[in-house]
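No hydrogens, no waters, no symmetry mates; every other heavy atom, side chains included, goes into these values. We count ligands from 1, going down the list as the structure has it; atoms in each ligand are counted the same way. We number each residue from 1, following the sequence as shown.
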Amino acid sequence: MERTKFILDEKDMPTHWYNIQADLPKPLPPVMHPATGKPITPDDLAPLFPMELIKQEVSTERWIEIPEEVREIYQLWRPTTLFRARRLEKALDTPAKIFYKYEGSSPPGSHKPNTAVAQAYYNKQEGIKRITTETGAGQWGSALSFGCGTFGIECKVYMVAISYHQKPYRRVMMETWGGKCVPSPSPDTKVGREMLAKWPDCPGSLGLAISEAVEDAVSRDDTHYALGSVLNHVLLHQTVIGLEAKQLMEMADVYPDIIVGCIGGGSNFAGLYLPFVKDKIEGKKPNLRIINVEPTSCPTLTKGPYAYDFGDSAGLTPLMKMYTLGHDFIPPPVHAGGLRYHGMAPIICHLYNLGLVEARAEHQLATFEAGITFARTEGIISAPEPNHAIKVVIDEALKCKESGESKTILLAHSGHGHVDMAAYDAYLSGKLSDYAYPKEKVDEALASLPKMPQA
Ligand SMILES: *Cc1c(COP(=O)(O)O)cnc(C)c1O
């Protein structure tokens, strides 16, 4: 029997996260204060985040120790398995070798608790009693509720309204782990009330939900805010995925030619590929291809300009240089809620700008078709987000079939779709449609980009 699963011992779980900022060929553009037009200082961020996380955000130390308490909670599901997708390979009749690192075995079913647990820990260390956040598909809200629960911290989640109604079970998961969840826009904040007055049926957006969570956090001393993606410290915590994957690929005696993953804010995929990008930057693997996959309905890297923009729609956050569709952009209601964000992790944008990684956009229907192929071969019913990456993996494997090349493809599989059955139901009953790129809407939103000296 040939090997299908590659598994590490618990004692071989990484003890440190990998910080790409130590190895970037050029440093990241600074994060700017919207009022002063100058780089932000740690004091600007102190009302929102614990100092340890603010330090991690700008650290250039290559290895950052994972606290023992965090590792103990990671042990509930880590290390995660690397699979060889033999049955998918066979179904595609491809000479490609397809591997996937699966993060769906965590309690909330995705990669997100890798950072949720770490963030709850550092907040607890600083005596914080309550954390607010936003959530799109509900994955992050459930992960943070779980993470806060493990350290006895209260958790308040502003959930994008469209997802709140499409995915009620995520709310119940949050409540089961002790969190509180409201649909955003909500009457609990000023920005929420203003939006509801203008547009009572507003489907919400991640940017708007961030505005509400930030407003709530800064209005109380015992409360901090947590972000589930985009920021440098979040990507740092997710590198535990890539560090395990590197050890496991070695165990399988292969190195990837192509790495594929989906990007919303970019954390799961960067978490897998940053330790591999290091090899590319160092010139050890110059031909390694890394493909970031996004939805055509929210084509941040493939269609957006590289510019300073706010992280949220109300303009409360600092300005980050990123590929962006404009902070006013409200993407169409596709089912991959976790990929509906107007911006992108500055680290990914920087690597893309330097030509170290690629990007591709995929239509919703084709991604579900790929997800069904995956479910019928590998068994796992994937979340709509990783289905975007699976679509590209299948395309690349079929190219190998044409060319006869036996490339090694590594997929970042970010989570299962057990709470997304309504989306599969819509697809299987022919009710799902593709969304064309809403060009006028994007032009409108881009017109409101903040005026900045372009660094
Ligand atoms: C949240 C989520 C994503 C998108 O977030 P990233 O920060 O881009 O990783 C992707 N897949 C799943 C399963 C998610 O829950």
Ligand 1 to I263, heavy atom cutoff 4.0 Å, flagged ligand atoms 8 (O)
Check your understanding: Got a sec: does the CG of L356 have more than 12 other heavy atoms crowding it under 6.0 Å?
Key -> yes
Note: ligand 1 atoms sitting under 4.0 Å from heavy atoms of G266 are 6 (P), 7 (O), 8 (O)
T60 meets the side chain to side chain contact (heavy atoms under 4.5 Å, CB included) criterion, sequence neighbours left out, with Q21
Ranked by distance from atom 6 (P) of ligand 1, the top protein heavy atom is S267 N, 3.4 Å
*Look only at the side chain of N268 and the backbone of S414, and say whether a donor-acceptor pair between them is shorter than 3.5 Å.*
no
Is H111 near ligand 1, meaning one of its heavy atoms is under 4.0 Å from it?
yes
With sequence neighbours left out, the residues meeting side chain to side chain donor-acceptor pair (under 3.5 Å) with D328 are S448
Among non-hydrogen protein atoms, atom 11 (N) of ligand 1 lies closest to S414 OG, 2.7 Å
Next item on the list: Cation-pi check, K321 to Y306: give yes when NZ or CZ is under 6.0 Å from the six-membered ring centre and within 45° of the ring axis, no otherwise.
Entry: yes
> Do any N/O atoms on E385 end up under 3.5 angstrom from N/O atoms on ligand 1?
Replying inline: no
If you compare R170, Q139, K112 by their heavy atoms, the one closest to atom 1 (C) of ligand 1 turns out to be K112
Check: Going by atom types alone, do Y122 and Q56 pair a side-chain donor with an acceptor below 3.5 Å?
Finding: yes
Notebook entry, point to check: Is the charged tip of K101 near the ring of F83: under 6.0 Å from the six-membered ring centre and within 45° of its axis?
Noted result: no
When distances are taken from atom 7 (O) of ligand 1, the protein heavy atom at minimum range is S229 OG, 2.5 Å
Quick look: E103 vs ligand 1, heavy-atom contacts under 4.0 Å, and the answer is neither
In this structure, atom 4 (C) of ligand 1 is nearest to the protein heavy atom G338 O, 3.5 Å
